[in-house]
Amino acid sequence: MIELAEMLLLALAMFLVGVVLGRMSRPDADPATTRRTPDPPPPPPAVPPPDRIHIDSLNDAVLVTRGSWVAAANAPARALLGERVVGSDIRLTVRHPALLDAVDAVNAGTIADEREISGIGSGNRSFRLRVVGDGEDRCLVLLDDVTQAKVTERMRVDFVANASHELRTPLATLTGFIETLQGPAAEDQPARQRFLAIMATEADRMRRLLDDLMSLSRIELDKFIRPTQQLDLKGIAAEVGRTLAIRLEADQRALIIAEPEELPRVIADRDQVLQVLHNLVANAIKYGRTGTPIRVTVSVDTGGTGTDAAVRIQVSDDGDGIAPEHLPRLTERFYRVDSQRSRTLGGTGLGLAIVKHIVERHRGRLEIDSRLGEGTRVGFTLPLA
């Protein structure tokens, strides 16, 4: 019996060995003929309805609120209000009464609310706020930054007011003298001569003002068009000196020019560079002390890197100087440190404004340094060709 069992076990073992050997000797299946279940196709991308746009595609700050909670905010809104604005209560993160009133009004049933607000974010910025509801307790809050537009409008209004004032004064003088000459001084020869001289001075002042206004308008028109021609600055300061020679001699002033023998060429408009130097030297004649020299220094400013290399021109005078609080405003139109003295000396209040705009058009830098009792130094740079 035992022998029979041993024989059966031996036969079963041989059978299993044969099966294993047979499978090992079977050739591998051809991968090309192996059937694979194809992967399911990826789901199609979500296509927004044709009448909608994602808030991240907008340049203005945009919030989407649900009730009083901020559900979404685009990048400009997060930069303005902080990253924590998303998912927070708008009453805690924004805290602007006008904005919250507009959101509450739309949530209460108003279709849309639009107003101008300020005081959001850093700086004194102004926004046009528009809040629109969708009838499902959601609001779209749009903040359009109008700060620059308001600054430009304010500058335009100030410019018109200042220009009108500057023209009104000489016009009133001319009108008064004309009436006097037509009346009491009609037969007074000495008075006529004196009044005519004053009228000629006032008329010349109006002419200079209108010339400066026209010049400033032309410069601003081309402000964003950079000059393309190359210019050799050698001798340009001496040319300005020859133009102003009579005024320099009348005030017993000497124009001292220091420039290297060789100067690299710059990218600049020759006429505008002459205008800048003329305005700066004329200012030095007006506000410097009689008998003191005016220095014009021309040098190469490497700026630390080749791309910043430029020619630097500086005009210095020995005068009363300018108080530090006036320096930031010197290039504003019609700004004067001493209005009466400036008008007496024939200033229009536009000289440094013209200088600033010309230097900006040339992609240069304007630097003004002054010390009370010592004098003023005004320098500007022109990029190398």
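In this text, all values refer to a predicted model and were calculated from it rather than measured experimentally.
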Would you check if [X] and [Y] make a side-chain contact, meaning some heavy-atom pair closer than 4.5 Å?
{"X": "R361", "Y": "R226", "result": "no"}
{"X": "E116", "Y": "K150", "result": "yes"}
{"X": "T331", "Y": "L366", "result": "yes"}
{"X": "I285", "Y": "I294", "result": "yes"}
{"X": "L143", "Y": "D60", "result": "no"}
{"X": "P264", "Y": "V311", "result": "yes"}
{"X": "R125", "Y": "L80", "result": "yes"}
{"X": "L100", "Y": "R91", "result": "yes"}

[Y]/[X] salt bridge by N-O under 4.0 Å criterion:
{"X": "D211", "Y": "R208", "result": "no"}
{"X": "R377", "Y": "D369", "result": "yes"}
{"X": "E262", "Y": "K234", "result": "no"}
{"X": "R128", "Y": "D144", "result": "yes"}
{"X": "D134", "Y": "R66", "result": "no"}
{"X": "E249", "Y": "R247", "result": "no"}

message: The test is side-chain contact (heavy atoms from CB on, under 4.5 Å); show your working for L58 and N74 and say whether it passes.
response: CA-CA 8 Å; L58 301 176; N74 65 351; 4.2 Å; yes
Starting at [atom1] of [X], measure out to [atom2] of [Y] and round the result to the nearest 0.5 Å.
{"X": "R242", "Y": "L248", "atom1": "CZ", "atom2": "CG", "result": "12.5 Å"}
{"X": "R218", "Y": "I358", "atom1": "CZ", "atom2": "CD1", "result": "10.0 Å"}
{"X": "L382", "Y": "R265", "atom1": "CG", "atom2": "CZ", "result": "13.5 Å"}
{"X": "S316", "Y": "E374", "atom1": "OG", "atom2": "CD", "result": "11.5 Å"}
{"X": "R295", "Y": "L255", "atom1": "CZ", "atom2": "CG", "result": "10.5 Å"}
{"X": "F334", "Y": "L213", "atom1": "CZ", "atom2": "CG", "result": "5.0 Å"}

- request: Under the side-chain contact (heavy atoms from CB on, under 4.5 Å) rule, what do L140 and T65 come out as? Steps first, then yes or no, please.
  value: CA-CA 7 Å; L140 182 71; T65 64; over 6 Å; no
Any donor-acceptor N/O pair, [X] side chain to [Y] backbone, under 3.5 Å:
{"X": "S68", "Y": "I90", "answer": "no"}
{"X": "R95", "Y": "L92", "answer": "yes"}
{"X": "K356", "Y": "E332", "answer": "no"}
{"X": "S370", "Y": "I322", "answer": "yes"}
{"X": "T93", "Y": "D89", "answer": "yes"}

What is the minimum heavy-atom distance between [X] and [Y], and which atoms define it?
{"X": "V359", "Y": "F380", "value": "CG2-CB, 3.8 Å"}
{"X": "V106", "Y": "G133", "value": "CG1-N, 3.3 Å"}
{"X": "H362", "Y": "A268", "value": "CD2-CA, 3.4 Å"}
{"X": "D317", "Y": "G288", "value": "OD1-CA, 4.2 Å"}
{"X": "P293", "Y": "D318", "value": "CD-OD2, 3.9 Å"}
{"X": "P227", "Y": "I267", "value": "O-CG2, 3.0 Å"}

message: Can you confirm whether more than 12 heavy atoms, excluding those of E187, are under 6.0 Å from its CD atom?
response: no
message: With a 6.0 Å cut-off (strictly less than), is the heavy-atom count around CZ of R363, excluding the residue itself, greater than 12?
response: yes
Out of [options], which one pairs with [X] under the side chain to side chain contact (heavy atoms under 4.5 Å, CB included) rule?
{"X": "L327", "options": "T376, V337, I368", "answer": "I368"}
{"X": "M199", "options": "T173, L181, T175", "answer": "L181"}
{"X": "N283", "options": "V315, L352, L330", "answer": "L352"}

- request: Check the pair M206, D204 against side-chain contact (heavy atoms from CB on, under 4.5 Å), reporting the backbone distance first and the verdict last.
  value: CA-CA 5 Å; M206 290 178 61; D204 188 56; over 6 Å; no
Using the rule that Ile, Leu, Val, Met, Phe, Trp and Tyr join whenever any side-chain heavy atoms are under 4.5 Å apart, tell me whether [X] and [Y] fall into a single cluster.
{"X": "L231", "Y": "V298", "result": "yes"}
{"X": "L350", "Y": "L210", "result": "yes"}
{"X": "I256", "Y": "V378", "result": "no"}

query: Should N107 and C139 be marked as a side-chain contact (heavy atoms from CB on, under 4.5 Å) after you check the CA-CA gap, both sets of side-chain angles, and the distance that decides it?
result: CA-CA 7 Å; N107 283 334; C139 292; 3.1 Å; yes
field: Step-by-step side chain to side chain donor-acceptor pair (under 3.5 Å) determination, D301 to T381
entry: CA-CA 8 Å; D301 183 3; T381 62; over 6 Å; no
query: Are side-chain N/O atoms of Q272 and R270 paired as donor and acceptor at under 3.5 Å?
result: no
